[in-house]
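No hydrogens, no waters, no symmetry mates; every other heavy atom, side chains included, goes into these values.
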Amino acid sequence: MNIKIQERELDILVVGGGTAGPMAAIRAKESNPKLSVMLIEKANVKRSGAICMGMDGLNNAVIPGHSTPEQYVREITIANDGIVNQKAILAYANNSFSMIQRLDRWGIKFEKDETGEFAVKKVHHLGNYVLPMPEGHNVKKILYRQLKKNRVDITNRYKVTRILVGANNRVAGVMAVDTRTAEVTVIKAKAVILCTGAAGRLGLPSSGYLFGTYENPTNAGDGYAMAFHAGAELSGIECFQINPLIKDYNGPACAYVTGPLGGFTANAHGERFIECDYWSGQMMLEFFKELQGGNGPVFLKVNHLAEETIATIENILHTNERPSRGRFHENRGTNYRHDMIEMHISEIGLCSGHSASGIWVNERAETTIPGLYAAGDVACVPHNYMLGAFVYGEIAGVEAASYCQNVLFENYDTDYTESEAQRILAPLGRSDGVTPYQAEYKIRRLVNDYLQPPKVTSKMEIGLRRFSEIREDLETLSADDPHALLRAMEVYDILDCAEMAAAASLYRTESRWGLYHYRVDHPEKDDNNWFCHVQLFKGSNGEKACKTRPVEPYIYEPKENEKEAYDRLRILSKEMV
């Protein structure tokens, strides 16, 4: 099949228009207005990414007078069981406040006290870092205005499928397909910044609905797969994302948000059983134990609060991020004033924002491939959240702009681009085959069957074999229009992420991060052998291979009396004291 491949050329290509992507593009253009900068998005930048409907607050704001970068680095080191690159976390912490000030100047509304200072709340186990956003639904509009103001080239409705790497192992550009016309394009670029978000469509929600995920469902793990195939290292893939959510609703119950106002996670008796609602693997393990035990189910409890406080909570939770939450409660017949809200455990995903799984980056947002940068949920900066996406978007944009001043365009392999174009368009040539929706459902159901923690070695091994069988089935994957072709390409990404999750989980033969990597047949933490990063990469035969990387010496050593803080989250009952 002779395929016509379009070609474009520019300096910096930013892939993903959610949180990190717009900031990366804006700051790259501001750093050097002479550079050609394009933001490419498979949806529409006006309403894309995890913040498409807004956000209710910053979870990790490092603001003078409330916390210091040193305190924050220690906090995240402890929360992530010590497996961190402190230089990367410190780079975030040092730039956190200046980013908040930038967003404030742009018109994003943060809660302030009567003196005009930022009203920071306490949720984390040790420090104070939560900054509410009463009007967080305006974030995307404000970002879009800044993109247009800086004359960033925006290309919507294109699915990027592969990163092109030149003979010098430097970035040469990407391949993408128009999801409305199925035209294939090579975009030559000196630098590429991946801002594609989490792998949200990995596990299958209990509803069985493919898009009923905790994470933004359009984030299908595209960046994880692209980085892998380009030869970049990924890290912490075995550290899954698992979150508490409202039972039968694809969103958080938000004890995290209600905590500063007096709400908390409770068991069926209305008793608080964990002393901190900050999301961590250990918190989720205690949640899982209570859910499965005689004191379950687990609930969000706010019905003991005053009417004024409950009204404030409803205003925050029902107008930002997921406005459908209020309608769900109304139709279910639950009321915060009288009822506790039943909670459950989400499907698994890969996400640095809430956990630690992502593309390996240093403190300059550089991956292991020159010219390739990553920011946001797809980049391995543990517990990064939305503000981390903004900060690392800025870092990546500025660094990429500097990089472009000293390099020429790399040549790409035309044989490879021809082969990739064949792969992209093959489903359109099949009139009768497996649909993307059938293939995706099967992959994600198997993820639940074989990878969902608690993890069991033999189950994960079976899972890998089943994934291999599905990969053979993808030779019959069909698509009847360009939009279905987008879904078909996402199926490949989801399968790659499933295999990566299994391979990394099998490689680390210990338990760590609470429920995130709880292995039944290796139930203990083993610092002697596994106090290290697990790096996943593409092996010589294209397989998912792993190796270890030492944890660099800490810049700030956690205090001895704090190192096990997250292991002491459970509130002991009177019988246990």
Side-chain angles (χ1 to χ4, degrees), residues 15-21 41-43 47-55 59 140 159-160 194-228 234 236-246 249-252 279 284 321-322 324 344-359 374-380 382-386 388-389 436-437 439-441 443-448 451-453 486-501 516:
V15 185
T19 308
E41 163 62 44
K42 65 183 179 181
R47 285 292 188 196
S48 60
I51 62 166
C52 60
M53 294 303 291
M55 197 62 65
N59 297 344
K140 288 296 291 187
K159 163 75 166 104
V160 178
L194 286 176
C195 303
T196 52
R201 291 206 326 263
L202 184 56
L204 189 68
S206 55
S207 67
Y209 177 45
L210 295 179
F211 284 74
T213 55
Y214 170 86
E215 276 293 344
N216 174 27
T218 65
N219 294 348
D222 316 41
Y224 291 81
M226 285 189 278
F228 170 78
L234 297 95
I237 302 301
E238 73 280 19
C239 183
F240 293 172
Q241 173 187 250
I242 308 169
N243 293 316
L245 46 67
I246 297 172
Y249 177 78
N250 63 324
W279 295 345
M284 288 309 306
E321 188 176 359
R322 286 176 170 88
S324 60
H344 200 62
I345 286 179
S346 73
E347 69 284 351
I348 67 171
L350 304 178
C351 177
S352 178
H354 296 99
S355 181
S357 47
I359 303 165
D377 285 347
V378 75
C380 185
H383 300 244
N384 211 4
Y385 293 102
M386 182 178 74
Y437 309 99
E440 180 177 340
Y441 182 87
I443 294 167
R444 294 172 62 188
R445 183 180 63 79
L446 293 176
V447 166
N448 281 19
L451 302 188
Q452 183 84 22
L486 160 67
R487 298 293 175 231
M489 293 301 100
E490 289 178 332
V491 165
Y492 281 98
D493 297 333
I494 294 166
L495 182 56
D496 277 326
C497 288
E499 291 176 337
M500 286 190 276
Y516 296 167

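Residues meeting the side-chain contact (heavy atoms from CB on, under 4.5 Å) test with A498, sequence neighbours left out: L202, I443, V447, F467. Qualifying side-chain contact (heavy atoms from CB on, under 4.5 Å) partners for N243, counting only residues two or more places apart in sequence or in other chains: Y214, Q241, W279, S346, H354. Residues forming a side-chain contact (heavy atoms from CB on, under 4.5 Å) with A439 (at least two apart in sequence, or on another chain): V434, L474, L477, V491. Residues satisfying the side-chain contact (heavy atoms from CB on, under 4.5 Å) test with F211, not counting sequence neighbours, are R201, Y209, P217, R487.
Residues L451 and I348 meet the side-chain proximity criterion, which asks for heavy atoms closer than 4.5 Å. Side-chain atoms of L234 and C380, non-hydrogen and from C-beta on, never get closer than 4.5 Å to each other. Between S357 and F240 the shortest side-chain heavy-atom distance does not fall below 4.5 Å. Residues H383 and S355 form no side-chain contact, since every pair of their non-hydrogen atoms from C-beta on lies 4.5 Å or further apart. Between P244 and I345, the closest side-chain pair of non-hydrogen atoms is not below 4.5 Å. Side-chain contact between N250 and L245: absent, with no pair of heavy atoms (C-beta onward) separated by less than 4.5 Å. Side-chain contact between E490 and P436 is absent, with no heavy atoms from C-beta onward closer than 4.5 Å.
Distance check, rounded to the nearest 0.5 Å: CZ of R47 to SG of C52 gives 7.0 Å. The CG atom of N384 sits 11.0 Å away from atom CG of N59, with the distance rounded to the nearest 0.5 Å. Distance check, rounded to the nearest 0.5 Å: OG1 of T19 to CG of D377 gives 7.5 Å. Note that the CE atom of M226 and the CD1 atom of I359 stand 8.0 Å from one another [nearest 0.5 Å]. A distance of 9.0 Å separates OH of Y224 from CG of N219, quoted to the nearest 0.5 Å. Taking CG of L210 as the reference point, atom OH of Y437 lies at 9.0 Å (rounded to 0.5 Å).
Across G17 and S48, no two heavy atoms sit closer than the pair O-OG, 2.9 Å. Considering every non-hydrogen atom in both G21 and C195, the closest pair reads N-CB, 3.5 Å. A pairwise comparison of heavy atoms in C239 and A356 identifies SG-CB, 4.0 Å as the closest pair. Residues D496 and A225 share a closest heavy-atom pair of OD2-CB, 3.8 Å.
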For R444 and T213, run side chain to side chain contact (heavy atoms under 4.5 Å, CB included): C-alpha distance rounded to whole Å, both residues' side-chain angles, the deciding distance at 0.1 Å, then the answer.
-> CA-CA 11 Å; R444 294 172 62 188; T213 55; 3.2 Å; yes
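Within the structure, salt bridge (charged side-chain N to carboxylate O under 4.0 Å, His left out) pairs that include any residue of residues 344-356 do not occur (at least two apart or interchain). Sorted by first and then second residue, the salt bridge (charged side-chain N to carboxylate O under 4.0 Å, His left out) pairs with a member in residues 212-225 read K42-D222, K159-D222; sequence neighbours excluded.
The main-chain N or O of G49 is found under 3.5 Å from a side-chain atom of N216 such that the two form a donor-acceptor pair.
Side-chain contact check for Y249 and S324: at least one donor-acceptor pair (N or O, by modelled atom type) lies under 3.5 Å.
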